[in-house]
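Naming convention: chains lettered A, B, ... in sequence-line order (proteins, then strands); numbering from 1 in each chain. All heavy atoms count here, side chains included; hydrogens, waters and symmetry mates do not.
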Amino acid sequence: MKVRVLYFAWLRERIGLGREEVETSAETVADLVEELRAREERYAAAFADMGAVRCALDQELVPLETSLGDAREVAFFPPMTGG
Amino acid sequence: MKVRVLYFAWLRERIGLGREEVETSAETVADLVEELRAREERYAAAFADMGAVRCALDQELVPLETSLGDAREVAFFPPMTGG
Amino acid sequence: MSNPSPSPAPQVSPRIVVTEADFDLGAEAARLEAGSDTGAVVTFTGRVRDVSGGLRRMTIEHYPGMTEKALRTIAEEAAERWPLSGVTIVHRHGALSPGDRIMMVGTASRHRDAAFAAASFLMDYLKSRAPFWKKEETADGMGWVAAREADEAALDRWRDRDAD
Amino acid sequence: MSNPSPSPAPQVSPRIVVTEADFDLGAEAARLEAGSDTGAVVTFTGRVRDVSGGLRRMTIEHYPGMTEKALRTIAEEAAERWPLSGVTIVHRHGALSPGDRIMMVGTASRHRDAAFAAASFLMDYLKSRAPFWKKEETADGMGWVAAREADEAALDRWRDRDAD
(Lines give C-alpha, C1' and ligand atoms only; values in the text may rest on other atoms or scores of the structure.)
Protein backbone atom coordinates (compact mmCIF):
# COMPACT_ATOMS: atom_id res chain seq x y z
CA MET A 1 0.00 0.00 0.00
CA LYS A 2 1.17 3.48 -0.86
CA VAL A 3 0.74 6.45 1.43
CA ARG A 4 1.78 10.07 1.23
CA VAL A 5 3.89 10.94 4.27
CA LEU A 6 4.31 14.57 5.35
CA TYR A 7 6.78 16.07 7.81
CA PHE A 8 6.57 19.47 9.46
CA ALA A 9 8.79 21.80 11.50
CA TRP A 10 11.92 20.15 12.93
CA LEU A 11 10.81 16.72 11.72
CA ARG A 12 10.88 18.07 8.19
CA GLU A 13 14.29 19.61 8.79
CA ARG A 14 15.85 16.48 10.33
CA ILE A 15 14.53 14.18 7.65
CA GLY A 16 15.40 16.67 4.96
CA LEU A 17 12.14 16.62 3.07
CA GLY A 18 8.56 17.75 3.49
CA ARG A 19 6.73 14.92 1.76
CA GLU A 20 7.29 11.59 0.13
CA GLU A 21 5.35 8.61 -1.17
CA VAL A 22 6.01 5.51 0.91
CA GLU A 23 5.27 1.89 0.02
CA THR A 24 4.39 0.21 3.28
CA SER A 25 2.78 -2.87 4.77
CA ALA A 26 2.48 -1.27 8.22
CA GLU A 27 -0.74 -1.90 10.10
CA THR A 28 -0.56 1.07 12.43
CA VAL A 29 1.05 4.48 12.47
CA ALA A 30 3.54 3.16 15.03
CA ASP A 31 4.48 0.33 12.66
CA LEU A 32 5.07 2.87 9.91
CA VAL A 33 7.36 4.83 12.21
CA GLU A 34 9.33 1.62 12.84
CA GLU A 35 9.73 1.05 9.11
CA LEU A 36 10.90 4.62 8.57
CA ARG A 37 13.33 4.44 11.49
CA ALA A 38 14.90 1.32 10.02
CA ARG A 39 15.51 3.05 6.71
CA GLU A 40 18.16 5.63 7.49
CA GLU A 41 19.83 7.39 10.35
CA ARG A 42 18.04 10.72 9.69
CA TYR A 43 14.67 9.01 10.20
CA ALA A 44 15.91 7.28 13.33
CA ALA A 45 17.06 10.69 14.63
CA ALA A 46 13.80 12.40 13.79
CA PHE A 47 11.74 9.69 15.47
CA ALA A 48 14.08 9.17 18.44
CA ASP A 49 11.65 10.62 20.97
CA MET A 50 8.10 9.74 20.04
CA GLY A 51 6.81 11.68 23.05
CA ALA A 52 7.69 14.76 21.02
CA VAL A 53 5.95 13.60 17.84
CA ARG A 54 2.30 14.03 16.91
CA CYS A 55 0.52 12.37 14.03
CA ALA A 56 -2.41 13.10 11.74
CA LEU A 57 -4.14 10.54 9.51
CA ASP A 58 -5.89 12.10 6.57
CA GLN A 59 -5.62 15.41 8.40
CA GLU A 60 -7.14 14.27 11.68
CA LEU A 61 -5.03 14.08 14.83
CA VAL A 62 -4.72 10.45 15.94
CA PRO A 63 -2.75 8.42 18.50
CA LEU A 64 0.23 6.41 17.23
CA GLU A 65 -1.56 3.11 17.83
CA THR A 66 -4.15 4.00 15.20
CA SER A 67 -4.59 1.59 12.32
CA LEU A 68 -3.53 3.01 8.94
CA GLY A 69 -6.66 1.55 7.36
CA ASP A 70 -6.92 2.96 3.89
CA ALA A 71 -5.51 6.33 4.83
CA ARG A 72 -3.93 8.23 1.97
CA GLU A 73 -1.98 10.81 3.97
CA VAL A 74 0.02 10.46 7.16
CA ALA A 75 1.63 13.53 8.73
CA PHE A 76 4.25 13.73 11.48
CA PHE A 77 5.05 16.89 13.40
CA PRO A 78 6.06 18.24 16.81
CA PRO A 79 3.45 19.44 19.34
CA MET A 80 1.70 22.41 17.82
CA THR A 81 2.53 25.96 18.84
CA GLY A 82 -0.10 28.13 17.21
CA GLY A 83 -1.96 31.02 18.76
CA MET B 1 -24.28 71.83 57.66
CA LYS B 2 -24.91 72.22 53.95
CA VAL B 3 -24.49 69.38 51.46
CA ARG B 4 -25.08 69.07 47.76
CA VAL B 5 -27.50 66.20 47.11
CA LEU B 6 -27.68 64.57 43.68
CA TYR B 7 -30.30 62.20 42.27
CA PHE B 8 -29.96 59.96 39.22
CA ALA B 9 -32.18 57.84 36.97
CA TRP B 10 -35.65 57.11 38.40
CA LEU B 11 -34.78 58.76 41.72
CA ARG B 12 -34.17 61.98 39.81
CA GLU B 13 -37.44 61.52 37.95
CA ARG B 14 -39.52 60.77 41.03
CA ILE B 15 -38.11 63.64 43.03
CA GLY B 16 -38.28 65.92 40.03
CA LEU B 17 -34.82 67.39 40.24
CA GLY B 18 -31.23 66.34 39.69
CA ARG B 19 -29.50 68.28 42.44
CA GLU B 20 -30.17 70.55 45.36
CA GLU B 21 -28.42 72.10 48.31
CA VAL B 22 -29.69 70.71 51.60
CA GLU B 23 -29.22 72.11 55.07
CA THR B 24 -29.00 69.12 57.38
CA SER B 25 -27.99 68.01 60.83
CA ALA B 26 -28.02 64.33 59.88
CA GLU B 27 -25.19 62.21 61.21
CA THR B 28 -25.39 59.42 58.64
CA VAL B 29 -26.61 58.98 55.10
CA ALA B 30 -29.58 57.03 56.47
CA ASP B 31 -30.46 59.98 58.74
CA LEU B 32 -30.36 62.27 55.73
CA VAL B 33 -32.74 59.95 53.89
CA GLU B 34 -35.14 60.16 56.86
CA GLU B 35 -35.03 63.94 56.76
CA LEU B 36 -35.72 63.98 53.04
CA ARG B 37 -38.56 61.47 53.36
CA ALA B 38 -40.23 63.66 55.96
CA ARG B 39 -40.16 66.65 53.65
CA GLU B 40 -42.58 65.77 50.90
CA GLU B 41 -44.43 62.84 49.41
CA ARG B 42 -42.24 62.69 46.30
CA TYR B 43 -39.18 62.08 48.49
CA ALA B 44 -41.04 59.47 50.52
CA ALA B 45 -42.00 57.75 47.26
CA ALA B 46 -38.47 57.87 45.87
CA PHE B 47 -36.98 56.46 49.08
CA ALA B 48 -39.76 53.93 49.74
CA ASP B 49 -37.58 50.89 49.04
CA MET B 50 -34.04 51.52 50.24
CA GLY B 51 -32.99 48.09 49.00
CA ALA B 52 -33.23 49.63 45.53
CA VAL B 53 -31.19 52.72 46.39
CA ARG B 54 -27.43 53.10 46.29
CA CYS B 55 -25.44 55.99 47.69
CA ALA B 56 -22.14 57.75 47.02
CA LEU B 57 -20.43 60.15 49.40
CA ASP B 58 -18.11 62.55 47.64
CA GLN B 59 -18.28 60.21 44.66
CA GLU B 60 -17.38 57.02 46.49
CA LEU B 61 -19.93 54.22 46.90
CA VAL B 62 -20.77 53.81 50.59
CA PRO B 63 -23.31 51.93 52.72
CA LEU B 64 -26.28 53.89 54.08
CA GLU B 65 -24.97 53.67 57.63
CA THR B 66 -21.94 55.76 56.70
CA SER B 67 -21.37 58.95 58.65
CA LEU B 68 -21.75 62.11 56.59
CA GLY B 69 -18.64 63.55 58.21
CA ASP B 70 -17.70 66.65 56.28
CA ALA B 71 -18.85 65.30 52.96
CA ARG B 72 -19.78 67.95 50.42
CA GLU B 73 -21.70 65.80 47.97
CA VAL B 74 -24.16 62.97 48.56
CA ALA B 75 -25.65 61.12 45.59
CA PHE B 76 -28.60 58.70 45.49
CA PHE B 77 -29.31 56.38 42.58
CA PRO B 78 -30.62 52.92 41.66
CA PRO B 79 -28.32 49.92 41.24
CA MET B 80 -26.02 50.65 38.33
CA THR B 81 -26.60 49.14 34.90
CA GLY B 82 -23.52 50.05 32.88
CA GLY B 83 -21.58 47.82 30.56
CA MET C 1 21.39 46.55 21.62
CA SER C 2 20.87 43.73 24.09
CA ASN C 3 18.97 44.28 27.27
CA PRO C 4 18.11 40.91 28.72
CA SER C 5 17.45 42.10 32.26
CA PRO C 6 13.87 41.38 33.28
CA SER C 7 11.89 44.53 33.91
CA PRO C 8 9.87 45.00 37.11
CA ALA C 9 6.08 45.06 37.08
CA PRO C 10 5.12 47.56 34.40
CA GLN C 11 3.52 50.83 35.43
CA VAL C 12 0.23 50.84 33.65
CA SER C 13 -1.57 54.05 33.08
CA PRO C 14 -5.17 53.07 32.33
CA ARG C 15 -6.87 54.76 29.43
CA ILE C 16 -10.34 55.88 30.53
CA VAL C 17 -12.74 57.51 28.08
CA VAL C 18 -16.30 58.63 28.89
CA THR C 19 -17.91 60.04 25.79
CA GLU C 20 -21.07 60.56 23.80
CA ALA C 21 -19.25 59.71 20.58
CA ASP C 22 -18.74 56.27 19.10
CA PHE C 23 -15.25 54.76 19.39
CA ASP C 24 -12.89 52.91 17.09
CA LEU C 25 -12.25 49.42 18.41
CA GLY C 26 -9.38 48.78 16.00
CA ALA C 27 -7.61 51.96 17.09
CA GLU C 28 -8.14 51.16 20.77
CA ALA C 29 -6.75 47.67 20.29
CA ALA C 30 -3.75 49.06 18.39
CA ARG C 31 -2.94 51.34 21.34
CA LEU C 32 -3.02 48.34 23.65
CA GLU C 33 -0.69 46.41 21.36
CA ALA C 34 2.09 48.95 21.74
CA GLY C 35 5.01 47.69 23.79
CA SER C 36 7.40 44.92 22.88
CA ASP C 37 6.30 42.67 25.70
CA THR C 38 2.60 42.53 24.84
CA GLY C 39 1.69 39.13 23.48
CA ALA C 40 -2.04 39.14 24.11
CA VAL C 41 -4.80 41.71 23.74
CA VAL C 42 -8.39 40.97 24.78
CA THR C 43 -11.27 43.29 24.02
CA PHE C 44 -14.89 43.18 25.04
CA THR C 45 -17.43 45.33 23.23
CA GLY C 46 -20.99 45.81 24.46
CA ARG C 47 -23.76 46.78 22.09
CA VAL C 48 -27.35 47.96 22.35
CA ARG C 49 -29.34 44.78 21.94
CA ASP C 50 -32.94 44.83 20.82
CA VAL C 51 -34.27 42.11 23.08
CA SER C 52 -37.98 42.61 22.48
CA GLY C 53 -37.74 43.66 18.85
CA GLY C 54 -39.38 46.96 19.71
CA LEU C 55 -36.51 49.04 21.06
CA ARG C 56 -36.36 52.53 19.60
CA ARG C 57 -33.71 54.17 21.64
CA MET C 58 -31.52 53.69 24.67
CA THR C 59 -30.39 56.63 26.77
CA ILE C 60 -27.49 56.23 29.15
CA GLU C 61 -27.27 58.57 32.12
CA HIS C 62 -24.14 58.82 34.19
CA TYR C 63 -22.67 60.71 37.13
CA PRO C 64 -20.11 63.03 35.57
CA GLY C 65 -18.16 63.76 38.74
CA MET C 66 -17.82 60.12 39.69
CA THR C 67 -17.79 58.09 36.49
CA GLU C 68 -14.21 58.53 35.40
CA LYS C 69 -12.92 58.05 38.95
CA ALA C 70 -14.91 54.84 39.38
CA LEU C 71 -13.66 53.46 36.06
CA ARG C 72 -10.08 54.37 36.92
CA THR C 73 -10.34 52.63 40.28
CA ILE C 74 -11.65 49.46 38.61
CA ALA C 75 -8.88 49.57 35.99
CA GLU C 76 -6.18 50.08 38.61
CA GLU C 77 -7.53 47.21 40.64
CA ALA C 78 -7.22 44.97 37.56
CA ALA C 79 -3.65 46.15 36.98
CA GLU C 80 -2.77 45.25 40.56
CA ARG C 81 -4.21 41.77 40.26
CA TRP C 82 -2.74 40.78 36.89
CA PRO C 83 0.50 41.67 35.09
CA LEU C 84 -0.98 44.00 32.49
CA SER C 85 0.86 46.20 30.05
CA GLY C 86 -2.31 48.10 29.15
CA VAL C 87 -5.89 48.64 30.30
CA THR C 88 -8.58 50.59 28.47
CA ILE C 89 -12.17 51.36 29.39
CA VAL C 90 -14.38 53.36 27.03
CA HIS C 91 -18.02 53.99 27.95
CA ARG C 92 -20.57 56.04 26.09
CA HIS C 93 -23.49 58.01 27.48
CA GLY C 94 -26.42 59.86 25.92
CA ALA C 95 -28.81 58.63 23.25
CA LEU C 96 -28.04 55.36 21.44
CA SER C 97 -29.86 53.23 18.88
CA PRO C 98 -30.17 49.44 18.60
CA GLY C 99 -26.89 48.05 17.30
CA ASP C 100 -24.81 50.96 18.57
CA ARG C 101 -21.71 50.22 20.58
CA ILE C 102 -22.14 51.09 24.26
CA MET C 103 -18.72 50.43 25.70
CA MET C 104 -15.54 48.44 25.55
CA VAL C 105 -12.82 47.21 27.81
CA GLY C 106 -9.41 46.12 26.61
CA THR C 107 -6.48 44.46 28.33
CA ALA C 108 -2.93 43.75 27.19
CA SER C 109 -0.54 41.31 28.78
CA ARG C 110 2.26 38.92 28.04
CA HIS C 111 0.01 35.92 28.42
CA ARG C 112 -3.53 35.15 27.41
CA ASP C 113 -4.78 34.01 30.80
CA ALA C 114 -4.05 37.35 32.44
CA ALA C 115 -5.59 39.30 29.57
CA PHE C 116 -8.77 37.20 29.60
CA ALA C 117 -9.18 37.20 33.38
CA ALA C 118 -8.58 40.94 33.68
CA ALA C 119 -11.06 41.78 30.91
CA SER C 120 -13.69 39.60 32.53
CA PHE C 121 -13.00 41.22 35.91
CA LEU C 122 -13.31 44.71 34.42
CA MET C 123 -16.68 43.86 32.92
CA ASP C 124 -18.03 42.37 36.13
CA TYR C 125 -17.04 45.41 38.18
CA LEU C 126 -18.10 47.90 35.59
CA LYS C 127 -21.60 46.38 35.42
CA SER C 128 -22.28 46.91 39.11
CA ARG C 129 -19.85 49.56 40.26
CA ALA C 130 -19.69 52.25 37.61
CA PRO C 131 -22.40 54.95 37.78
CA PHE C 132 -24.30 54.38 34.53
CA TRP C 133 -28.03 53.85 34.16
CA LYS C 134 -29.82 52.69 31.02
CA LYS C 135 -33.25 53.80 29.97
CA GLU C 136 -35.07 52.13 27.11
CA GLU C 137 -37.71 53.58 24.87
CA THR C 138 -39.99 51.07 23.14
CA ALA C 139 -43.37 51.28 21.45
CA ASP C 140 -44.88 50.74 24.92
CA GLY C 141 -43.09 53.66 26.55
CA MET C 142 -39.95 54.35 28.53
CA GLY C 143 -38.41 52.33 31.32
CA TRP C 144 -35.21 52.06 33.31
CA VAL C 145 -33.30 48.83 32.80
CA ALA C 146 -33.29 46.84 36.03
CA ALA C 147 -30.02 45.64 37.49
CA ARG C 148 -29.58 41.89 37.18
CA GLU C 149 -28.94 39.96 40.36
CA ALA C 150 -26.53 37.82 38.38
CA ASP C 151 -24.39 40.90 37.77
CA GLU C 152 -24.03 41.61 41.47
CA ALA C 153 -23.40 37.93 42.16
CA ALA C 154 -20.68 37.87 39.49
CA LEU C 155 -18.47 39.94 41.77
CA ASP C 156 -18.27 37.12 44.29
CA ARG C 157 -15.95 35.07 42.18
CA TRP C 158 -13.30 37.78 42.40
CA ARG C 159 -13.61 37.95 46.18
CA ASP C 160 -13.40 34.25 46.90
CA ARG C 161 -9.91 33.66 45.64
CA ASP C 162 -6.66 35.35 44.89
CA ALA C 163 -6.11 36.39 41.34
CA ASP C 164 -3.43 34.63 39.38
CA MET D 1 -30.72 1.90 25.92
CA SER D 2 -32.08 5.38 25.36
CA ASN D 3 -30.49 7.58 22.80
CA PRO D 4 -29.35 10.96 23.99
CA SER D 5 -31.28 13.71 22.30
CA PRO D 6 -29.25 15.22 19.49
CA SER D 7 -27.88 18.66 20.27
CA PRO D 8 -29.30 21.34 18.00
CA ALA D 9 -27.07 22.22 15.10
CA PRO D 10 -25.31 25.52 15.73
CA GLN D 11 -26.86 28.35 13.76
CA VAL D 12 -23.59 30.08 13.29
CA SER D 13 -21.28 29.74 10.32
CA PRO D 14 -17.73 30.25 11.58
CA ARG D 15 -15.45 32.60 9.71
CA ILE D 16 -12.06 30.92 9.26
CA VAL D 17 -9.16 32.75 7.63
CA VAL D 18 -5.64 31.36 7.16
CA THR D 19 -3.46 33.96 5.53
CA GLU D 20 0.00 35.46 5.16
CA ALA D 21 -1.45 38.96 5.23
CA ASP D 22 -2.18 41.07 8.27
CA PHE D 23 -5.82 41.45 9.30
CA ASP D 24 -8.04 44.31 10.41
CA LEU D 25 -9.28 43.70 13.94
CA GLY D 26 -11.83 46.51 13.78
CA ALA D 27 -13.35 45.09 10.59
CA GLU D 28 -13.45 41.57 12.03
CA ALA D 29 -15.14 42.83 15.19
CA ALA D 30 -17.66 44.79 13.10
CA ARG D 31 -18.60 41.61 11.22
CA LEU D 32 -19.20 39.87 14.53
CA GLU D 33 -21.40 42.71 15.73
CA ALA D 34 -23.90 42.22 12.92
CA GLY D 35 -27.20 40.77 14.07
CA SER D 36 -29.74 42.45 16.32
CA ASP D 37 -29.33 39.95 19.11
CA THR D 38 -25.59 40.36 19.61
CA GLY D 39 -24.91 42.19 22.84
CA ALA D 40 -21.33 41.13 23.46
CA VAL D 41 -18.25 40.70 21.28
CA VAL D 42 -14.96 39.40 22.68
CA THR D 43 -11.74 39.41 20.68
CA PHE D 44 -8.33 37.99 21.45
CA THR D 45 -5.32 39.10 19.43
CA GLY D 46 -1.94 37.38 19.64
CA ARG D 47 1.20 39.23 18.73
CA VAL D 48 4.86 38.35 18.12
CA ARG D 49 6.47 39.07 21.46
CA ASP D 50 10.16 39.78 21.73
CA VAL D 51 10.85 37.86 24.91
CA SER D 52 14.63 38.01 24.88
CA GLY D 53 15.01 41.40 23.28
CA GLY D 54 16.89 39.80 20.39
CA LEU D 55 14.16 38.41 18.18
CA ARG D 56 14.63 39.25 14.51
CA ARG D 57 11.94 37.26 12.86
CA MET D 58 9.33 34.61 13.48
CA THR D 59 8.28 32.16 10.79
CA ILE D 60 5.05 30.24 11.14
CA GLU D 61 4.73 26.97 9.31
CA HIS D 62 1.39 25.23 8.93
CA TYR D 63 -0.21 22.18 7.32
CA PRO D 64 -2.24 23.59 4.46
CA GLY D 65 -4.51 20.60 3.95
CA MET D 66 -5.40 20.34 7.62
CA THR D 67 -5.26 23.84 9.08
CA GLU D 68 -8.59 25.24 8.00
CA LYS D 69 -10.39 22.01 8.83
CA ALA D 70 -8.89 21.92 12.32
CA LEU D 71 -9.82 25.56 12.97
CA ARG D 72 -13.35 24.97 11.72
CA THR D 73 -13.76 21.96 13.98
CA ILE D 74 -12.63 24.00 16.99
CA ALA D 75 -14.98 26.86 16.08
CA GLU D 76 -17.94 24.52 15.60
CA GLU D 77 -17.23 22.89 18.92
CA ALA D 78 -17.37 26.31 20.58
CA ALA D 79 -20.66 27.09 18.82
CA GLU D 80 -22.13 23.85 20.13
CA ARG D 81 -21.10 24.60 23.70
CA TRP D 82 -22.20 28.22 23.92
CA PRO D 83 -25.04 30.21 22.32
CA LEU D 84 -22.95 32.19 19.87
CA SER D 85 -24.17 34.42 17.08
CA GLY D 86 -20.69 34.62 15.53
CA VAL D 87 -17.26 32.95 15.67
CA THR D 88 -14.14 34.09 13.87
CA ILE D 89 -10.64 32.62 13.76
CA VAL D 90 -7.90 34.33 11.75
CA HIS D 91 -4.38 32.91 11.80
CA ARG D 92 -1.36 34.08 9.85
CA HIS D 93 1.56 32.02 8.57
CA GLY D 94 4.87 32.89 6.93
CA ALA D 95 7.44 35.45 8.06
CA LEU D 96 6.53 37.88 10.85
CA SER D 97 8.42 40.54 12.78
CA PRO D 98 8.31 41.44 16.48
CA GLY D 99 5.09 43.34 17.17
CA ASP D 100 3.23 41.82 14.23
CA ARG D 101 -0.19 40.35 14.84
CA ILE D 102 -0.17 36.54 14.63
CA MET D 103 -3.80 35.63 15.00
CA MET D 104 -7.14 36.51 16.49
CA VAL D 105 -10.28 34.83 17.66
CA GLY D 106 -13.60 36.60 18.06
CA THR D 107 -16.91 35.55 19.54
CA ALA D 108 -20.32 37.20 19.56
CA SER D 109 -23.19 36.35 21.86
CA ARG D 110 -26.13 37.81 23.69
CA HIS D 111 -24.32 37.69 27.00
CA ARG D 112 -20.81 38.40 28.08
CA ASP D 113 -20.17 35.13 29.90
CA ALA D 114 -20.73 33.03 26.79
CA ALA D 115 -18.58 35.33 24.66
CA PHE D 116 -15.70 35.28 27.16
CA ALA D 117 -15.84 31.54 27.80
CA ALA D 118 -16.01 30.67 24.11
CA ALA D 119 -13.08 32.95 23.22
CA SER D 120 -10.98 31.42 25.96
CA PHE D 121 -11.93 27.92 24.81
CA LEU D 122 -11.01 28.74 21.20
CA MET D 123 -7.59 29.96 22.29
CA ASP D 124 -6.89 26.92 24.44
CA TYR D 125 -7.78 24.50 21.66
CA LEU D 126 -6.08 26.49 18.96
CA LYS D 127 -2.79 26.50 20.91
CA SER D 128 -2.57 22.72 21.07
CA ARG D 129 -4.80 21.40 18.31
CA ALA D 130 -4.25 23.56 15.24
CA PRO D 131 -1.28 22.62 13.04
CA PHE D 132 0.96 25.66 13.35
CA TRP D 133 4.62 25.71 14.34
CA LYS D 134 6.66 28.77 15.23
CA LYS D 135 10.32 29.22 14.47
CA GLU D 136 12.28 32.12 15.91
CA GLU D 137 15.37 33.76 14.51
CA THR D 138 17.52 35.63 17.02
CA ALA D 139 21.09 36.91 17.01
CA ASP D 140 22.05 33.44 18.30
CA GLY D 141 20.41 31.52 15.48
CA MET D 142 17.16 29.79 14.66
CA GLY D 143 15.04 27.58 16.85
CA TRP D 144 11.58 26.05 16.97
CA VAL D 145 9.38 27.32 19.78
CA ALA D 146 8.69 24.50 22.22
CA ALA D 147 5.14 23.66 23.18
CA ARG D 148 4.28 24.66 26.73
CA GLU D 149 2.98 21.95 29.02
CA ALA D 150 0.62 24.54 30.45
CA ASP D 151 -1.03 24.84 27.04
CA GLU D 152 -1.80 21.15 26.88
CA ALA D 153 -2.96 21.20 30.50
CA ALA D 154 -5.27 24.12 29.75
CA LEU D 155 -7.51 21.77 27.76
CA ASP D 156 -8.40 19.84 30.89
CA ARG D 157 -10.62 22.53 32.23
CA TRP D 158 -12.94 22.14 29.24
CA ARG D 159 -13.15 18.39 29.72
CA ASP D 160 -13.89 18.38 33.43
CA ARG D 161 -17.22 20.13 33.33
CA ASP D 162 -20.11 20.95 31.09
CA ALA D 163 -20.03 24.30 29.46
CA ASP D 164 -22.57 26.85 30.57
Task: Side-chain donor-acceptor pair present, C:Ser120, C:Arg157, cut-off under 3.5 Å - done: yes

Task: Structural part of B:Ala9 lying under 4.5 Å from a heavy atom of chain C - done: both

- [ ] Give the minimum heavy-atom separation between C:Val42 and C:Ala115, together with the two atoms involved.
- [x] CG2-CB, 3.7 Å

TODO: If the plane angle is over 60° it's perpendicular, under 30° parallel, otherwise tilted; pick one for C:Trp82 and C:Trp158.
DONE: perpendicular

Open item on the list: I want to check a possible cation-pi pair here: C:Arg112 against C:Phe116, using under 6.0 Å from ring centre and within 45° of the ring axis as the test.
Closed with: no

Open item on the list: So for C:Lys127, is it side chain, backbone, both, or neither that comes closer than 4.5 Å to the heavy atoms of chain B?
Closed with: both

TODO: Could you have a look at C:Gly143, C:Ala70, C:Gly46, C:Ala130 and say which one has the most heavy-atom pairs with chain B under 4.5 angstrom?
DONE: C:Ala130

TODO: Please look at C:His93 and chain B and tell me whether the side chain, the backbone, both or neither of the residue comes under 4.5 angstrom of a heavy atom of that chain.
DONE: neither

- [ ] Measure from NZ or CZ of C:Arg81 to the centre of the six-membered ring of C:Phe121, then state whether that distance is under 6.0 Å and the direction lies within 45° of the axis.
- [x] no

TODO: Could you tell me whether the side chains of C:Trp144 and B:Glu13 share a donor-acceptor contact shorter than 3.5 Å?
DONE: yes

- [ ] Give, as side chain, backbone, both or neither, the part of C:Ile102 having an atom under 4.5 angstrom from any heavy atom of chain B.
- [x] side chain

Open item on the list: What part of C:Lys135 gets within 4.5 angstrom of chain B, counting heavy atoms only: side chain, backbone, both, or neither?
Closed with: side chain

Task: Contact leader toward chain C among B:Ala56, B:Pro78, B:Ala52, where contacts are heavy-atom pairs under 4.5 Å - done: B:Pro78

Open item on the list: Under 4.5 Å from any heavy atom of chain B, what part of C:Met66 do you find: side chain, backbone, both or neither?
Closed with: both

TODO: Please look at B:Arg12 and chain C and tell me whether the side chain, the backbone, both or neither of the residue comes under 4.5 angstrom of a heavy atom of that chain.
DONE: side chain

Task: Side-chain ion pair, C:Glu152 and C:Arg129, N-O less than 4.0 Å - done: yes

